[in-house]
Amino acid sequence: MCGRFTLTVSEQTLQTYLNNTFNVSNKTAISHQPQYNIAPSQNILTVINDGKKDRVGYISWGFIPAWQHTKKNAIINARSETIDKLKSFKQAFKLKRCIILSDGFYEWHHITKKPFHFTLSNRKIFAFAGLWNSTILEDGTTHYSCVIITTEANALLKDKHHRMPVILSPNDYSTWLNPNQNNTKTLKTILKPYKSSDMSAYPVSSAVNNPSNNFIDCIKPL
DNA sequence: CCAGACGTTGTT
DNA sequence: GTCTGG
DNA sequence: CCAGACGTTGTT
DNA sequence: GTCTGG
């Protein structure tokens, strides 16, 4: 699964990445500090497409269905296998697909509970497949929320955990983000475990366990 | 028709 | 044990 | 995901 | 809001 991740790059690196990767219309909306320990309920950096341009922005991690008016019971992951069928995600899968930017995620060994950091072998920024939504809270404000899509674990993950987040191939970004794309089969085909041989993993300090620890030692190899 | 659920993870 | 908050 | 709280009364 | 179960 995916319950914690990183985006450790500088603002400069992030801006360069956005320029080279997306057709972003509102880059100035971004102000970034390296993040070593991103946890559910925090605002995370997402990309959506409005039909013409890509837009970047911060959205709360933890999906709230449209009929719910509180932040309780936020859902942090959605299974790719059933995402097109379930009530909570069906609509968003059709119309509100997003990308969540990251450069690594944490998994805890299912037995030992020791944390590991997973990255691409080239250490580059990558994109989780996600869905977003908006709902009106009791105080009248609009709340934007998102969820990270999961799939079965690849070979690298398997001995730690049986689920992993979907990491998109850069070739699929525009298809995934295109709000006019309505071919369910095409979209679901994109949601596959990332190639194991292009990823790395290493154990890290249990300092990462506490979400308030946001410092570089979280990603230091043990 | 109305009532009640609507999600994931892992664990039992 | 279970829920809330980050 | 993990960490940390989990309650009431009255008083400040 | 929308789907499922009775």
Side-chain angles (χ1 to χ4, degrees), chain A residues 1-8 33-46 58-98 100 102-119 128-139 142-154 157-167 184 191 193 201-215 217-219 222:
Chain A
M1 98 173 277
C2 182
R4 217 71 78 75
F5 65 96
T6 59
L7 186 56
T8 65
Q33 296 277 101
Q35 292 175 288
Y36 302 100
N37 198 353
I38 301 169
S41 80
Q42 294 177 8
N43 289 322
I44 62 179
L45 189 58
T46 60
Y58 292 95
I59 298 186
S60 177
W61 182 16
F63 189 95
I64 309 295
W67 62 84
Q68 195 179 310
H69 305 294
T70 72
K71 297 183 190 175
K72 289 185 179 178
N73 307 119
I75 304 161
I76 66 170
N77 294 135
R79 292 176 65 90
S80 57
E81 295 89 336
T82 50
I83 205 169
D84 56 324
K85 297 283 196 301
L86 298 180
K87 290 188 270 298
S88 292
F89 303 128
K90 208 175 175 174
Q91 236 89 16
F93 178 67
K94 271 188 186 161
L95 299 167
K96 292 177 176 174
R97 294 180 301 277
C98 69
I100 293 152
S102 171
D103 61 3
F105 61 92
Y106 297 105
E107 295 284 356
W108 282 258
H109 189 286
H110 65 112
I111 295 165
T112 66
K113 300 295 176 192
K114 303 263 188 217
F116 291 78
H117 192 222
F118 291 81
T119 66
F128 293 129
L131 304 177
W132 66 277
N133 196 23
S134 69
T135 192
I136 311 286
L137 298 180
E138 285 159 328
D139 65 4
T142 302
H143 180 70
Y144 294 89
S145 64
C146 64
V147 67
I148 294 175
I149 298 171
T150 63
T151 184
E152 59 187 306
N154 65 18
L157 268 286
K158 220 144 213 167
D159 66 317
K160 314 284 190 309
H161 242 79
H162 70 122
R163 303 291 296 172
M164 70 180 287
V166 172
I167 296 172
T184 301
L191 305 177
Y202 60 91
V204 292
S205 161
S206 58
V208 76
N209 288 13
N210 192 326
S212 65
N213 290 337
N214 175 25
F215 41 63
D217 281 3
C218 289
I219 62 164
L222 270 193

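Lettering follows sequence order; numbering is per chain, from 1. Predicted model only: the values in this text are computed from it and were never measured.
Between A:Asp84 atom CG and E:dC3 atom P there is a gap of 13 Å when expressed in whole angstrom units. Atom P of nucleotide E:dG1 and atom CZ of A:Phe93 are separated by 24 Å, given to the nearest angstrom. At whole-Å resolution of the value, NZ in A:Lys94 and P in E:dG1 are 17 Å apart. Nucleotide E:dG1 holds its P atom 13 Å from the NZ atom of A:Lys96, rounded to whole Å. Rounded to whole angstrom, the span from the CD1 atom of A:Ile148 across to the P atom of D:dC1 amounts to 13 Å. Distance NZ (A:Lys114) to P (D:dC1): 18 Å, rounded to an integer number of Å. If you measure from atom CG of A:Asn210 to atom P of D:dC1, you get 16 Å, rounded to the nearest angstrom. Residue A:Phe128 contributes atom CZ, which lies 12 Å from atom C1' of D:dC1 at whole-angstrom precision.
For the residue pair A:Asn133 and A:Ser145, no side-chain donor N or O sits within less than 3.5 Å of a side-chain acceptor on the partner.
Nucleic acid contact class of A:Ala39 (heavy atoms, under 4.0 Å, all strands): base. Within 4.0 Å of A:Pro65, counting heavy atoms only, lies no atom of the nucleic acid at all.
If you take atom C1' in C:dT4 and the same atom in B:dA5, they sit 22 Å apart, rounded to whole Å. Of the P atoms belonging to C:dG5 and D:dT8, the separation is 16 Å, rounded to the nearest Å. D:dG4 and B:dG7 are spaced 31 Å apart, taking the P atom of each and rounding to whole Å.
Close to E:dT2, at under 4.0 Å from its OP1 or OP2, lies no side-chain N or O of A:Lys90.
Just one residue in the list A:Ile149, A:Ile75, A:Asp84 forms a side-chain contact (heavy atoms from CB on, under 4.5 Å) with A:Phe89, and that residue is A:Ile75. The only option from A:Trp108, A:Phe105, A:Tyr202 that meets the ring pair (Phe, Tyr, Trp, His ring centres under 6.0 Å) definition with A:Phe118 turns out to be A:Phe105.
Between A:Trp61 and A:Phe5, a ring centre-to-centre spacing shorter than 6.0 Å is recorded.
Of all non-hydrogen atoms in A:Ser80 and A:Arg163, the two that sit nearest each other are N-NH2, 4.4 Å.
Look at B:dG4: its Watson-Crick or wobble partner, with both distances under 3.5 angstrom, is E:dC3.
Using a 4.0 Å cut-off between a side-chain N of Lys or Arg and a carboxylate O of Asp or Glu, A:Lys72 and A:Glu138 do not qualify as a salt bridge.
Listed for the A:Asn77 side chain is a donor-acceptor partner under 3.5 Å among the backbone atoms of A:Cys2.
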Reading 5' to 3' through nucleotides 2-8 of chain B, protein heavy-atom contacts under 4.0 Å coded B for base, S for sugar-phosphate only, - for none: ---BBBS
